[in-house]
**Q** 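Okay, handing you the structure first.
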Number of protein chains: 2
Amino acid sequence: MQELKSTVQKTFAIIEHFTSERPEWGVTELAQEMGANKSTVYRFMADLSKLGVLYKHPITEKYSLGLKLFELGGRVNLKSAFIDKTHPELVEVSKSITETVHLAVLKNNQVFYVDKVESPQGLKLSSQIGSYNPAYATALGKVLLAYLPNGNKEQVLDFIFSKRNITSLTNNTITSSKNIKKELSKVKAQGYAIDKEELELGLICVAVPIFNLNNEVVASLSASGPANRFEESKVSNYVATLKKGAHAIQQKIGYFKP
Amino acid sequence: MQELKSTVQKTFAIIEHFTSERPEWGVTELAQEMGANKSTVYRFMADLSKLGVLYKHPITEKYSLGLKLFELGGRVNLKSAFIDKTHPELVEVSKSITETVHLAVLKNNQVFYVDKVESPQGLKLSSQIGSYNPAYATALGKVLLAYLPNGNKEQVLDFIFSKRNITSLTNNTITSSKNIKKELSKVKAQGYAIDKEELELGLICVAVPIFNLNNEVVASLSASGPANRFEESKVSNYVATLKKGAHAIQQKIGYFKP
DNA sequence: TAGAGCTGTTTCATATAATAAAACAGCGTT
DNA sequence: AACGCTGTTTTATTATATGAAACAGCTCTA
């Protein structure tokens, strides 16, 4: 934990450990997990409990996320102009395509999921609003990379493809710098990207760019679903629907820059 | 701000200033509001923005609450966060009224059932902890909507009442935006809501608000039962009992205010 | 066009709060 | 009764937060 400089960062490093997979932590085990001192973590958790950010179960004495975060989260949801403006369009696209639809931006050189509408066909994807995925293994990421401004494109791509950042997620993942550059040219030429089980086996994804008023790509819109539902013949229809949605979103968010 | 000892408390003191009434702050004005140093507040806000807890508008440079809080809010397990503190009170109220008692919050613009105590008279309601019902057709929902902060009230109501979201569940369901607004004014004026077979034929429900320390409504408490047991004369007694219960719950979920 | 008056941001010596080892306390189990 | 596991408190030490001042960038306005 000593590598985190500010207390604000430490605070949220602790909070972030409470995930849906691991919603409960004791003081000692969380300190161990974080490689931090027990009494330090204790003080943070005690403070956060006093504020209602964490909730301490009166019997088990385990901590979990508290009502304060629910309340604050609710304030964001209702106020956020971004999601308020894009969500209805995502709903439209999802209805039309009947698959899960994502809106993502590039953040820290990764795909950052901003909004999501689940498929009415009820296939659960592991993606979550606010989470990240590698850019090189997703259709969303390919679009965001393909349209990077020429000024720093090479730089960003070289950084992403420095060996330590790349892991092969499936047999189809593109792991070489040369091949991804070829792929990105193709994406830019055809105006959309496709991910054929490169992130996860059985999962296919199609994505299109969302432009701002300066013709820069600020976000990407995608449809994802099981491979058996994404026949070649359907893709062009999906792309057309996604582009219509992307266009509608562009009209609404002329100002947004991530 | 110097009276706040720990940095964790300072962090959330800053975050708490972003309310629905005042969702945007600049560095200088927030520092003034808090009686704190400008550069101190700046560092906090810069750190929080890096984490996505705050969002800095690229043009106005004003800060607002960010996606990270939205994400964290979604992770909170309401059942475990509420139920330990509220359940005993629900039992009390249910004993006194001898009808089924519910505790609910507004989530995704719908009524979300957090806790429930069944009537000792053994009428089974279809409601379940963790399930949803439309806000406009329940007493719980009317309370939660009536006390929405003025900042985004209109927006939320308009969203809920865009035609495709409304279905008439019984002959009594209020389905027009105009009528629900009238109804909500009434609810706020009298301090409680009543649902006369608007969700389900034969089912009547009375609900009161639960406030937090900022006088914002965070939840709603209700009693429900068959229409023939809810005579006009009893309702005022039910409301009184519910309010007593709501008050007791408020005492328990009132957190330390930074 | 010069300058006043706002912003947000950076710097740096100083003060203060965060840290971590150790001891403590409470609870079950052996 | 002694062990091993919790969460909690204490303490001297160290590292971090602080805030005054200066800077930078912008929009008015005279």
Side-chain angles (χ1 to χ4, degrees), chain A residues 1-18 22-66 213-214 255-258, chain B residues 1-18 22-66 80-81 84-85 255-258:
Chain A
M1 187 143 104
Q2 57 276 23
E3 70 277 5
L4 298 169
K5 277 173 212 160
S6 81
T7 306
V8 172
Q9 280 172 34
K10 291 172 202 165
T11 303
F12 280 92
I14 284 176
I15 293 173
E16 288 280 11
H17 274 82
F18 294 82
R22 188 74 155 84
E24 286 196 345
W25 289 94
V27 172
T28 308
E29 51 187 352
L30 184 52
Q32 264 169 8
E33 172 73 20
M34 299 180 73
N37 186 281
K38 198 173 68 160
S39 32
T40 301
V41 172
Y42 169 74
R43 266 183 308 100
F44 274 94
M45 290 172 96
D47 267 9
L48 288 169
S49 298
K50 238 188 264 172
L51 294 163
V53 174
L54 292 184
Y55 169 70
K56 183 173 153 189
H57 195 285
I59 292 165
T60 66
E61 303 218 306
K62 297 287 178 199
Y63 293 78
S64 55
L65 296 180
L213 297 173
N214 303 326
Y255 62 87
F256 174 77
K257 257 180 190 178
Chain B
M1 186 144 103
Q2 56 278 23
E3 70 277 4
L4 298 169
K5 276 171 209 161
S6 83
T7 306
V8 172
Q9 280 174 33
K10 291 173 202 164
T11 303
F12 280 92
I14 285 176
I15 294 173
E16 287 281 12
H17 274 82
F18 294 82
R22 189 75 155 85
E24 285 196 346
W25 288 95
V27 173
T28 308
E29 51 186 352
L30 183 52
Q32 263 169 10
E33 172 74 20
M34 300 181 72
N37 185 282
K38 198 173 66 160
S39 31
T40 301
V41 173
Y42 168 74
R43 268 181 305 102
F44 273 95
M45 291 171 95
D47 267 9
L48 289 168
S49 299
K50 240 185 261 171
L51 294 164
V53 174
L54 293 183
Y55 170 70
K56 184 172 154 192
H57 196 286
I59 292 165
T60 65
E61 304 218 304
K62 298 288 179 198
Y63 293 79
S64 55
L65 296 180
S80 68
D84 299 305
K85 297 187 173 181
Y255 287 109
F256 172 75
K257 232 177 139 180

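Each chain gets a letter, A, B and so on, in the order the sequences are listed, and its residues count up from 1.
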**Q** When you compare the side chain of Lys56(A) with that of Lys62(A), does any pair of heavy atoms fall below 4.5 Å?
**A** no
**Q** Distance check needed: dA17(D) C1' versus Ile14(B) CD1, whole Å only.
**A** 12 Å
**Q** Using a cut-off of 4.0 Å between protein heavy atoms and nucleotide atoms, how would you tag nucleotides 10-16 of chain C 5' to 3' with B, S and -?
**A** B------
**Q** So do the side chains of Tyr55(B) and Leu65(B) get within less than 4.5 Å of each other, counting heavy atoms only?
**A**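 Tyr55(B) vs Leu65(B): side chains apart.
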**Q** OP1 or OP2 of dA18(C) less than 4.0 angstrom from a side-chain nitrogen or oxygen of Thr40(A), does that happen here?
**A** no
**Q** Any non-hydrogen side-chain atom of Phe12(A) less than 4.5 Å from a side-chain atom of Thr11(B)?
**A**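 Yes; the side chains approach each other to less than 4.5 Å.
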**Q** For the side chain of Asn37(A), starting at C-beta, report the closest nucleotide among dA18(C), dA21(C), dG8(C).
**A**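 Looking only at side-chain atoms, Asn37(A) lies closest to dA21(C).
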**Q** Is the shortest heavy-atom distance from the side chain of Tyr63(A) to the side chain of Ser49(A) under 4.5 Å?
**A** yes
**Q** Return no unless some side-chain N or O of Lys10(B) is found under 4.0 Å from OP1 or OP2 of dT18(D).
**A** yes
**Q** Can you tell which of Leu30(A), Ile15(A), Thr40(A) makes a side-chain contact (heavy atoms from CB on, under 4.5 Å) with Met45(A)?
**A** Leu30(A)
**Q** Write down the distance between NZ (Lys62(A)) and P (dT8(D)), rounded to a whole number of angstrom.
**A**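 Answer to the nearest Å: 11 Å.
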**Q** Mind calculating the distance between NZ (Lys56(B)) and C1' (dT7(C)) to the nearest angstrom?
**A**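 Interatomic distance, NZ of Lys56(B) to C1' of dT7(C): 11 Å.
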**Q** Any side-chain N or O of Lys38(B) below 4.0 angstrom from OP1/OP2 of dC23(D)?
**A**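 For dC23(D), neither OP1 nor OP2 has a side-chain N or O of Lys38(B) closer than 4.0 Å.
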**Q** How long is the line joining NZ of Lys50(B) and P of dT9(C), in whole Å?
**A**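 Result: 11 Å.
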**Q** Taking the side chain as everything from C-beta on, heavy atoms only, tell me whether Arg22(A) gets closer than 4.5 Å to His17(A).
**A** no
**Q** Start at the 5' end of DNA chain D and walk down; is the nucleotide closest to Val8(A) or to Glu29(A) reached first?
**A**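 Checking each residue's closest nucleotide, the 5'-ward one belongs to Glu29(A).
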**Q** Measure from the side-chain heavy atoms of Phe44(A) and tell me the nearest of dG8(C), dT6(D), dT19(C).
**A**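 Between dG8(C), dT6(D), dT19(C), the one nearest the side chain of Phe44(A) would be dT19(C).
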